[in-house]
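Okay, structure first, notes after.
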Amino acid sequence: MEENLVIVESPAKAKTIEKFLGKDFKVVSCYGHIRDLSKNDFSIDVNNNYKPSYIIPEDKKKIVSELKKLIKKFNMFWLATDEDREGEAIAWHLYEVLQLNSHKVNRIAFHEITKTAVLKALENPRNIDFNLVNAQQARRILDRIVGYELSPVLWKKVKPGLSAGRVQSVAVRLIVEREREILNFKSTSSFKVNAKFNFYDDKNQLQSFKAELNTKFDEKNKTIEFLNKCLKSDFKIDSIVKKPLKKSPPAPFTTSTLQQEASRKLGFSVAQTMTIAQRLYESGKITYMRTDSVNLSNEAINAIKDAVINNFGKNYLQTRQYTTKTKGAQEAHEAIRPTYVNIQEIDGNNQEKKLYELIWKRTLASQMTDAEIEKTTATISLSNTNEKFIAIGEVIKFDGFLKLYYESPDDEDNDNSKIILPALKEGQNLTIEELFAAERFTHYPPRYTEATLVRKLEELGIGRPSTYAPIISTIQQRGYVIKEDRPGTERKYLYFYMKNNKIIEEIKTENTGYEKNKLYPNDIAMVVNDFLIEHFTNILDFNFTANVEKDFDEIAEGKIDWTKMIDKFYKTFHPVVEKTITTTKKSTGERVLGIDPVSKKPVMVKIGRYGPIVQIGDTNDEEKPKFASLPKGLMIETITLEQALNLFTLPRNIGKFEDKDIVVSIGRFGPYIRHNNTFYSLKKGVDDPYSITYERAIEVIAEKREKDKNKYIKKFEEDPELQILNGRWGPYITYKNNNYKIPKNINPAELTYNKCIEIIKSVGEQKKKKKKK
DNA sequence: CAGTGAGCGAGCTTCCGCTTGACTT
């Protein structure tokens with residue numbers, strides 16, 4: 001019989017802790033929750049005090065049976081799961097499932113994985129906190145009720161397969177509402193005036209600097225009027241104001257801030273950041289990567305201190321402890337930091353190195369001095385009018401943490417690069433060298449990126465570090481949201497400049513509205529969001545989570561009974577579900593666009609069985625209505641009558657080639673040309689099915705034919721069904737509608753018939769083996 | 001692979017938070 005068994009949540013943590021403890025301790029991991037409500041039914045008995053029925057999910061059966069075997073060999077058990085709601089519940093589930101003897105169980109917790117913290121925890125065992133466990137059960141059951149009652153409503157009233165939930169529906173709402181703000185945004189323009197001034201300094205050296213006018217003109221004529229005044233004006237420095245500024249370093253990384261910075265600085269997606277961080281964590285290079293805490297252990301702060309002094313000297317050291325401002329933070333772990341701060345560079349792939357470097361820099365910077373900046377504002381007056389030019393310069397007096405780390409803004413375009421002004425004196429006369437005015441437009445609010453959506457959710461206290469990445473993938477998988485790039489459009493703007501003491505007008509063009517990796521709502525998101533807001537306002541409220549969190553806290557403090565809280569919620573929520581199912585009509589987002597001038601029938605857009613469609617004529621009419629699907633880029637919300645009618649011009653017969661018709665249309669996989677029963681895809685952005693010419697269509701056909709020539713590597717007389725082809729991922733064998741990979745060491749052109757059959761058989765067996773596993 | 005959108009009905013879909021691997025096209 002061995003002595004002590006410690007159970008933690010993560011295997012990497014188990015490995016580390018085992019090193020701190022003596023021979024009398026074995027540390028194992030339970031891999032998170034081992035018990036949950038069944039995925040396949042509601043699993044809550046609403047007539048029996050909301051009694052949940054828990055099961056051990058398929059993927060946890062193995063670990064549970066291993067744990068069961070293991071506990072027989074030990075005498076004392078230490079449940080060392082995280083010290084938060086979920087961690088406490090995991091400890092309780094372990095206790096129940098493993099049927100541990102209550103006299104032999106100790107509940108312990110540590111917020112940091114350091115030797116002192118672990119040893120200290122062992123000296124302070126306690127019992128399982130059932131209030132905290134109940135707070136978790138309330139959270140779990142509330143989420144199940146909301147998710148599993150709302151989703152079926154959507155299946156009946158909108159479309160099968162959809163989903164709704166406390167977190168995802170709010171995330172979708174944010175994106176839908178932002179898109180509508182953008183659609184309704186009216187851009188206005190004004191004229192911004194800039195100038196460049198010259199003067200000779202004490203040493204008779206020519207100096208120059210740039211300045212901007214303190215007013216913007218909303219009319220072209222006023223702008224010209226002002227510019228003409230400038231031509232006749234004298235310029236002089238009116239005043240110089242110097243102001244010291246301090247900039248403090250940002251707090252060490254949490255999951256959310258790491259995701260944001262990795263997105264801005266390294267271009268990583270939220271999911272990418274998490275997988276890379278996971279690898280760094282598993283190889284012991286960084287602390288736990290799913291955390292909402294900005295806290296650093298004392299040991300870490302000491303190590304960072306040394307690292308700052310070694311790298312930058314004492315002048316740059318300023319230790320600080322950060323406190324979290326995040327709503328609902330549970331702070332069960334430290335901030336994300338290098339395990340060993342003295343290691344500046346790690347082995348690993350490029351991405352791992354980059355992410356580590358980012359974490360290392362941010363961690364050190366957090367314990368460095370403020371940056372001291374001197375901001376100079378010079379005001380330049382005109383002799384013949386009251387407007388002033390303003391020149392702003394910034395000089396870094398002491399760089400402090402900026403020596404190492406600079407937090408990127410969301411929008412790099414708005415980052416006014418620091419201007420250094422020459423030494424200026426009040427009363428100095430200036431001559432104007434350059435003068436220009438450009439028409440500038442107000443910009444719509446920015447669309448969400450993955451990272452800015454995470455920040456917004458965190459701000460609202462919605463979602464947890466472990467769920468930010470999954471939320472983003474869920475709302476995309478359900479078809480609510482799509483992440484993509486969209487091209488901008490050209491825009492003309494007015495530009496005036498001074499030349500030979502005259503003002504010259506010019507029309508320039510610029511590209512605007514180009515979007516990269518932004519989250520766009522689909523039509524279905526708009527329809528579902530409107531439906532949910534109409535009938536379930538409370539759940540979609542941005543404060544819903546914050547409100548129920550207050551209740552969970554009271555349950556955790558033992559002030560209220562969890563079943564009472566759930567009962568109160570269910571008694572108001574469930575009747576609305578029932579009422580919505582029985583009394584509301586199906587929601588299709590239908591919008592009537594106008595009348596078709598040919599048939600004189602109404603034209604409408606709505607969500608159909610297979611997606612958004614335009615319909616001409618009513619379903620009840622004698623004559624069946626005509627349908628056309630909305631192609632990518634057109635939305636129910638914004639499509640015009642003209643655009644809708646245009647969709648009915650397909651399929652389009654554009655002429656005969658080699659005695660056969662060429663027909664252009666749009667199918668499930670996008671626009672295509674059909675000729676002689678062969679399909680030729682049209683690439684988006686290159687060819688438009690509504691306007692493609694006969695000549696261009698023949699070109700497309702010829703291109704594809706040329707490509708197909710290279711498609712066949714080999715055919716066999718023994719069996720025409722067996723072929724070696726060149727595919728997107730290289731050469732492969734195709735046989736009876738199945739494709740088989742060719743091993744890398746084999747030259748496909750030299751394959752014989754028998755060798756192919758051999759490959760097919762061996763690959764087939766491998767597939768079977770995998771299925772069994 | 002490149003139709004579809006009438007209507008009926010069977011059987012399916014779904015939540016949020018803890019954890020890691022196992023996945024191919």
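In what follows, every chain begins at residue 1, and chains take the letters A, B, ... in the order their sequences are listed.
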Please report the distance, rounded to the nearest Å, between [atom1] in [X] and [atom2] in [N].
X: A:Asp59; N: B:dA22; atom1: CG; atom2: C1'; answer: 12 Å
X: A:Arg464; N: B:dC15; atom1: CZ; atom2: P; answer: 19 Å
X: A:Asp84; N: B:dC16; atom1: CG; atom2: P; answer: 18 Å
X: A:Glu149; N: B:dC15; atom1: CD; atom2: P; answer: 15 Å
X: A:His675; N: B:dA2; atom1: NE2; atom2: P; answer: 19 Å
X: A:Glu86; N: B:dG17; atom1: CD; atom2: C1'; answer: 5 Å
X: A:Asp36; N: B:dC15; atom1: CG; atom2: C1'; answer: 10 Å
X: A:Glu549; N: B:dC16; atom1: CD; atom2: P; answer: 14 Å

Quiz item: Would A:Tyr148 count as stacked on B:dT14 if the rule is ring centres under 5.5 Å and plane angle under 30°?
Solution: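 Stack criterion met.
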Quiz prompt | Aromatic ring of A:Trp155 stacked on base six-ring of B:dT13, 5.5 Å, 30° | solution = yes
Taking only the side-chain nitrogens and oxygens of [X], find out if one of them lies under 4.0 Å from OP1 or OP2 of [N].
X: A:Gln615; N: B:dG5; result: no
X: A:Tyr680; N: B:dC1; result: no
X: A:Arg139; N: B:dC18; result: no
X: A:Thr467; N: B:dC16; result: no
X: A:Arg144; N: B:dT14; result: no

Within the structure shown, what part of the strands sits under 4.0 Å from [X] by heavy-atom distance: base, sugar-phosphate, or nothing?
X: A:Arg609; result: base
X: A:Val167; result: sugar-phosphate
X: A:Ser151; result: base
X: A:Lys624; result: nothing
X: A:Tyr281; result: sugar-phosphate
X: A:Gly32; result: base
X: A:Pro152; result: base
X: A:Gln168; result: sugar-phosphate
X: A:Leu162; result: sugar-phosphate
X: A:Ala89; result: nothing
X: A:Ser10; result: sugar-phosphate

So [X] and [Y], would you call those rings parallel, tilted or perpendicular, with 30° and 60° as cut-offs?
X: A:Tyr50; Y: A:Tyr570; value: perpendicular
X: A:His33; Y: A:His93; value: perpendicular
X: A:Trp92; Y: A:Phe130; value: perpendicular
X: A:Phe679; Y: A:Tyr672; value: perpendicular
X: A:Phe536; Y: A:Phe573; value: tilted

Out of [options], which nucleotide sits closest to the side chain of [X]?
X: A:Tyr672; options: B:dG21, B:dG3, B:dT19; answer: B:dG3
X: A:Ser466; options: B:dT20, B:dT4, B:dG17; answer: B:dG17
X: A:Glu282; options: B:dG5, B:dT20, B:dG17; answer: B:dT20
X: A:Arg140; options: B:dC15, B:dT13, B:dG3; answer: B:dC15

Practice problem: Could you check A:Asn40 against A:Arg35 and say which one's nearest nucleotide on DNA chain B is further toward the 5' end? | Solution: A:Asn40
Self-check item: Residue closer to the 5' end of DNA chain B, A:Ser629 versus A:Arg478 (nearest nucleotide)
Solution: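 So the residue in question is A:Ser629.
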Quiz item: Would a 4.5 Å heavy-atom cut-off, applied to side chains only, mark A:Phe648 and A:Asp596 as touching?
Solution: no
Quiz prompt | A:Phe42 backbone acceptor or donor facing A:Arg144 side chain under 3.5 Å | solution =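 Yes: the side chain of A:Arg144 pairs with the backbone of A:Phe42.
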Quiz item: Donor-acceptor pair under 3.5 Å: do we get one between A:Tyr31's side chain and the base of B:dT20?
Solution: no
